[in-house]
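None of the values given here were measured: they were computed from a predicted structure.
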Amino acid sequence: MSTITVKAYGAESTTADLKEMNIERREVTSKDVEIEILYCGVCHSDLHTARNDWGGSLYPVVPGHEIVGRITKVGSEVSKFKAGDLAAVGCMVDSCGHCDSCQHDLEQYCQNGFTGTYNGKDKHLGGHTFGGYSQKVVVDEHFVLSVPENLDLAAVAPLLCAGITTWSPLRHWNAGPGSKVAVVGLGGLGHMAIKLAKGLGAEVTLFSRTPGKTDDAKQLGADHVVISTDDSQMDAVKGKFDLIIDTVPYEHDINPYMQTLSLNGTLVLVGFVGEFQETQVSTRPMIFQRRSVAGSLIGGIAETQELLDFCGKHNIVSDIELIKMQDINNAYERMLKSDVKYRFVIDMQSL
């Protein structure tokens, strides 16, 4: 298969800084779309993969799965897109297409494993896939998304991961007018959960450990802020919430939040991946009020397009800090300190 060489930024090992390198992209096949990348969001998953925090990283790692750009070329059988269109690519670039999950527009739960935008198995060139910290990407049209023209393109990028990761559980658990939704954690995912839940018409509360985030949360759309370290405030919201979106990315005690769920309420973990080793989860509040603890991944392609269309209609985008590609290593260090409101986005013209 013929290829093209493009510039990218990636890491050669677990301890190496990201630096400029060349990678190979395939020439478009009949069903492919080639996209010039204009902006790419920076996700915690990028950092974890670059540093092999989860194990299994394949080097060189070129991260980036919040991609927004403009189509430069399409294959002969592509029907949904044309050169010049705005387009986006999220966390997946392929799946088996025939399992039950894929047949029901749930490619993120592909029973044969979806192909990640980076660090996935490259079915075309062999080796592994490279992400959006690069000049161009070539993707099967099924995994390419349309971007509303009215939105700030740089601020759209985080919708492809942070946005869909919170949108999918909000939709699955039917958040909307009359429902009470709480969000744990005010970072990249948390600020999108607030915006999207509010956009859907829910009453939205932020759980925060400190009072310092109250003004920010309300500017983002939260109706209330509850200080989770204040016993009296936690007692006041016992049994209140239909849905809690927990975006905290590290091990923490979810038991206090369980008491604030209503009958049939659900706490959904979207931030922490791993085992709760130091904290035992009590089943008592679940059994006596039919409450649930659940997990949720990203969304399928149809659901992600639904999100983008919804955001276009309601003018919802992420709050971002735009950086140059050459600043990515510093951005990673700042991200570890939560020193960003609320998502870094790379201006890929800097590459």
Side-chain angles (χ1 to χ4, degrees), residues 3-27 33-72 87-93 115-122 124-139 143-144 153-162 188 318 320-337 339-340 342-351:
T3 63
I4 56 173
T5 300
V6 301
K7 285 198 295 186
Y9 242 68
E12 296 279 6
S13 71
T14 59
T15 57
D17 282 347
L18 275 70
K19 64 179 183 180
E20 186 175 317
M21 59 179 59
N22 289 326
I23 60 171
E24 298 299 307
R25 299 289 194 193
R26 68 181 183 268
E27 287 279 10
V33 171
E34 179 187 88
I35 302 169
E36 177 191 3
I37 301 172
L38 302 176
Y39 300 100
C40 186
V42 180
C43 176
H44 265 94
S45 299
D46 298 352
L47 185 156
H48 290 312
T49 305
R51 298 183 177 181
N52 199 29
D53 292 337
W54 295 332
S57 293
L58 302 169
Y59 293 93
V61 166
V62 175
H65 57 201
E66 299 178 342
I67 298 167
V68 175
R70 194 170 293 278
I71 295 173
T72 49
V89 177
C91 302
M92 302 178 287
V93 292
T115 299
T117 303
Y118 59 85
N119 210 57
K121 183 178 180 181
D122 191 325
H124 298 270
L125 299 181
H128 60 278
T129 54
F130 297 119
Y133 295 7
S134 57
Q135 291 176 307
K136 293 182 179 182
V137 66
V138 178
V139 182
F143 290 85
V144 178
L153 293 185
V156 165
L159 299 180
L160 280 305
C161 179
S318 181
I320 68 165
E321 180 179 333
L322 196 63
I323 63 170
K324 294 180 179 179
M325 185 71 261
Q326 295 78 9
D327 297 328
I328 189 62
N329 294 300
N330 181 57
Y332 276 10
E333 294 305 316
R334 287 182 55 194
M335 193 162 57
L336 287 171
K337 301 172 185 175
D339 180 24
V340 57
Y342 285 96
R343 203 75 161 185
F344 288 117
V345 173
I346 305 163
D347 181 351
M348 294 309 300
Q349 297 302 306
S350 62
L351 181 59

Chemist: Run the ring-ring contact (aromatic ring centres under 6.0 Å, His included) test against Phe344 and tell me which residues pass, sequence neighbours left out.
Modeler: none

Chemist: Give, for atom OG1 of Thr129 and atom CD1 of Ile23, the distance between the pair rounded to the nearest 0.5 Å.
Modeler: 10.0 Å

Chemist: Say whether, by atom type as modelled, one donor and one acceptor occur between the side chain of Thr49 and the main chain of Ser57 under 3.5 angstrom.
Modeler: no

Chemist: Name the one of Val89, Ile67, Val68 that satisfies side-chain contact (heavy atoms from CB on, under 4.5 Å) with Leu160?
Modeler: Val68

Chemist: Cut-off 3.5 Å, side chains only: do Asn52 and Thr14 have a donor facing an acceptor?
Modeler: no

Chemist: Check whether the side chains of Tyr332 and Asp46 place a donor and an acceptor atom closer than 3.5 Å, and report yes or no.
Modeler: no

Chemist: Indicate whether any N or O donor in one side chain lies under 3.5 Å from an N or O acceptor in the other, for Glu27 and Thr3.
Modeler: no

Chemist: Atom CG of Asn119 and atom CZ of Phe130: how far apart are they, to the nearest 0.5 Å?
Modeler: 9.5 Å

Chemist: When you measure from the side chain of Arg25 to the backbone of Lys136, do you find a donor-acceptor pair of N or O atoms at a distance under 3.5 Å?
Modeler: yes

Chemist: Treating Thr117 as the side-chain partner and Gly131 as the backbone partner, does any N or O pair qualify as donor plus acceptor under 3.5 Å?
Modeler: no

Chemist: Test of understanding: with side-chain contact (heavy atoms from CB on, under 4.5 Å), list the residues that count as partners of Cys91, not counting sequence neighbours.
Modeler: His65, Cys161, Ile298

Chemist: If only atom types and distance count, is the side chain of His128 paired as donor or acceptor with the main-chain N or O of Pro60 below 3.5 Å?
Modeler: yes

Chemist: Applying salt bridge (charged side-chain N to carboxylate O under 4.0 Å, His left out), can you list everything that pairs with Arg334, at least two apart in sequence or on another chain?
Modeler: Glu321, Asp339

Chemist: Where do Leu159 and Ser318 come nearest, in terms of heavy atoms and distance?
Modeler: CD2-N, 4.5 Å

Chemist: Would you call Arg51 and Glu333 a salt bridge, using N to O less than 4.0 angstrom?
Modeler: yes

Chemist: Is Glu66 salt-bridged to Arg343, cutoff N-O under 4.0 Å?
Modeler: yes

Chemist: How many angstroms lie between CG in Leu47 and CG in Leu336, if you round to the nearest 0.5 Å?
Modeler: 5.0 Å

Chemist: Return the CE to OG distance between Met325 and Ser134, rounded to the nearest 0.5 Å.
Modeler: 9.5 Å

Chemist: Donor-acceptor pair, distance only, cut-off 3.5 Å: does the side chain of Asn329 make one with the backbone of Leu18?
Modeler: yes

Chemist: Would a 4.5 Å heavy-atom cut-off, applied to side chains only, mark Tyr133 and Val42 as touching?
Modeler: yes

Chemist: Please say which of Gln349, Met348, Gln135, Arg70 ends up in a side-chain contact (heavy atoms from CB on, under 4.5 Å) with Ile37.
Modeler: Met348

Chemist: Give the minimum heavy-atom separation between Ala16 and Ala11, together with the two atoms involved.
Modeler: O-CB, 3.9 Å

Chemist: To the nearest 0.5 Å, what is the distance between CD1 on Ile346 and CG on Leu351?
Modeler: 9.0 Å

Chemist: Flag the pair Asp347 / Tyr39 as yes when at least one side-chain heavy-atom distance between them is below 4.5 Å, and no otherwise.
Modeler: yes

Chemist: Is a side-chain N or O of Gln326 found less than 3.5 angstrom from the main chain of Ser350, in a donor-acceptor match?
Modeler: yes

Chemist: Less than 4.5 Å apart, any side-chain heavy atom of Val62 and any of Tyr118?
Modeler: no

Chemist: Step by step, work out the side-chain contact (heavy atoms from CB on, under 4.5 Å) result for Thr115 and Met92.
Modeler: CA-CA 6 Å; Thr115 299; Met92 302 178 287; over 6 Å; no

Chemist: For Ser45 versus Trp54, what's the shortest heavy-atom pair and its separation?
Modeler: OG-CH2, 3.5 Å

Chemist: When you measure from the side chain of Tyr9 to the backbone of Gly132, do you find a donor-acceptor pair of N or O atoms at a distance under 3.5 Å?
Modeler: no

